Amino acid sequence: MPRIGWIGITARENNFEMNVQIPRKGEIMNRKTVWTIFGALAVCALLLIVGCNKKESSEQPTNNMAEQPPAATPIDPATVATIDGTVKFDGSAPKAAKIDMSQDPACKGMNEAENVVVTNGGLGNVFVYVKDGLGNRTFDVPKDAVELDQQGCKYHPHVLGVMAGQTIEIKNDDQTTHNIHPTPKDNREWNESQPPSTAPLQKSFAREEIMLPVKCNQHPWMKMYINVVKSPFYAVTDSSGKYEIKGLPPGTYTIAFVQEKLGEQDQQVTVGPKETKVVDQSFKDAGM
Amino acid sequence: MRKPSLWFEPRGSILKAVRAKYNPAHHAFAVFTACATLVVITAGAMVTSNDAGLSVPDWPTSFGYLVKVPHFVGGIRYEWSHRMVAGTLLTLTLAIALWTLLVERRRWLRWLAVAAFCTVILQATLGGMTVLFFQPPWLSTAHATVAQTFFCIAVAIALFTGRKWVEEQPAVEFDSRRPSLFTLTLFSIFVLYVQLILGGMFRHHGMSWWPHVLNAVFVAIVLTWTAIRALSVYSRIEAVRWPAIVMLSLLVAQLCLGFVAFWTRVEWGRNAVQPELPMVVATVTHVAVGALLLATTVVLAIQVWRHVPVAFAERTSHALAQEKVTAT
């Protein structure tokens, strides 16, 4: 049974009279102490801000400073083979999701998502690359930059292939500010804004990474994928699902087909000298 | 001769040992600061729900300026607005802290005001770090957790400066049940914090949804137990009854909102190409009501601590010993 003690008027009077105390020395916080606390906090916050900014700026110069790459393994151009084919979508094509671009009047582009592009059964935006079979071969990094354009508040292309260390030139053709924000697993993350009519950004990724997502936080529908590979043997399927990989030395390879929503499928392929081999692939409708 | 104060001097009145004076302006400002905190939390939830967290890539400046209004479109609207209202809240907190230091005679309340300012500085720093370190889930979750902690502190300051707290002599009933109601309220706060962390980790893509949903069951049980105990045994004490009723109502609302948020974001929003209005509304309201629920539970804990102290032998003997020392 709980003990109950409601306070009566008498008790309240007694209690209150008894407990009135004059604050003792030291009870009232010294003003100097208060200002010291506030000052120390402000200095700490400032140091933290400066520290964070320094770290960010010190990382910047390393962006394009790649180590001297080893010499490329020579390939006999007289024996090279070609792989081409079509990537199909097995099932009824999903309806493209609509994009609402009304939150920025400068965005007047096509308002359909590109995450699953199917035209007459062909599946677009599939990244096809030689995943295995090249051994210890090394390849020259192309000096030409790969272009990534922001137009109509969409990325062009939606899926991009690039070699590790190769420059990506990022342009903004819109009359609005975008921010380019790759969210890699194995490369350095960065996030930069790009106002309209400014010089293209020059960026590169040092390590191999497939389906590296890039997004714009100002326009949340803007997403694309960069595929960073070590060899030049890759392609992205066009809207009808067709692709072609040229200049491949004869051998047995694992060809990977990667789609952002449908995942990865692999095929073993052997190509002889000067051979052109058709390698088709199909992705099943996984209840989208 | 000094009378023993065991029965008519519960902790509630010990808190009033230094006579405090009710300051309506100070209290109104404290209430305003608490309300402003809820606005900032809601604005922060809007940022996350609209996936706009990194639309302004620099910090503490925004596109190189401290207060210049940028091109107000897309995600910038949410992120920049959040920064501005958060900056205003920091100023409000500095003001309430300085005001409290100047006018308040209760030392513990002055320290609480300093703690509020320290918390808001920590919160601003965490917010900046989320931008500079690209929103790692643990950091974004820490930012969300400290935000609600600050809200609780702001609400507590508003409570402590209120007329009822300052002028009213508290009605007291000793609690001999085990676990005590005070223990239950502390346990409620603990499970709510766990829920807040799990929800934050899920929301910031650091964890799956199921730990948050599973813990919601546990939260519902603990909070219902606490509310039922408060309402069934101590409903005569208004200061305990009302927070318990509000807590229970908010719990029901929060569970419904959680269900809606789950459906709009996890089920319907699985293949969404951008944040859609239903999922934004559901998740933002879920965060705001969650903050209110935590703050209400903290208020309940404070009122229980004041009005329903735990009765046990050690306290009784300790109090008597104190009286002897004071008498001599």
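Predicted model, so just to flag it, every value in this text is computed and none were measured. Values below: all heavy atoms of this structure, side chains included; hydrogens, waters and symmetry mates excluded. Convention: sequence-line order gives letters A, B, ...; per-chain numbering from 1.
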Engineer: Under the rule for salt bridge (Lys or Arg N to Asp or Glu O under 4.0 Å), what residues qualify as partners of B:Glu276, not counting sequence neighbours?
Structural biologist: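 With sequence neighbours excluded, B:Glu276 shows a salt bridge (Lys or Arg N to Asp or Glu O under 4.0 Å) to no residue whatsoever.
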Engineer: Side-chain contact test, heavy atoms from C-beta onward, threshold under 4.5 Å: evaluate it for B:Phe134 versus A:His181 and give yes or no.
Structural biologist: yes
Engineer: Can you name the nearest heavy-atom pair linking A:Asn191 to B:Leu54, along with the distance?
Structural biologist: ND2-O, 3.0 Å
Engineer: When you measure from the side chain of B:Gln274 to the backbone of A:Asp100, do you find a donor-acceptor pair of N or O atoms at a distance under 3.5 Å?
Structural biologist: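 Checked: pair present.
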Engineer: Just how far is it from atom OG1 of A:Thr176 to atom NE2 of B:His71, taken to the nearest 0.5 Å?
Structural biologist: 4.5 Å
Engineer: In terms of heavy-atom pairs under 4.5 Å with chain A, which of B:Gly75, B:Ser55, B:Gly53, B:Gly128 leads?
Structural biologist: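 Most heavy-atom pairs under 4.5 Å with chain A: B:Ser55.
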Engineer: Which pair of non-hydrogen atoms, one from A:Gln103 and one from B:Gly74, has the smallest distance, and what is that distance?
Structural biologist: OE1-CA, 3.0 Å
Engineer: Identify the residues of residues 215-226 of chain A whose heavy atoms come closer than 4.5 Å to a heavy atom of chain B, ordered by number, or report 'none'.
Structural biologist: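 Within residues 215-226 of chain A, the residues under 4.5 Å from chain B are A:Lys215, A:Asn217, A:Gln218, A:Pro220, A:Trp221, A:Lys223.
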Engineer: So which part of B:Asp58 gets closer than 4.5 Å to some heavy atom of chain A, the side chain, the backbone, both or neither?
Structural biologist: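 Nothing of B:Asp58, per the 4.5 Å heavy-atom cut-off to chain A.
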Engineer: If I measure from the heavy atoms of chain A, does B:Phe72 come under 4.5 Å with its side chain, its backbone, both, or neither?
Structural biologist: neither
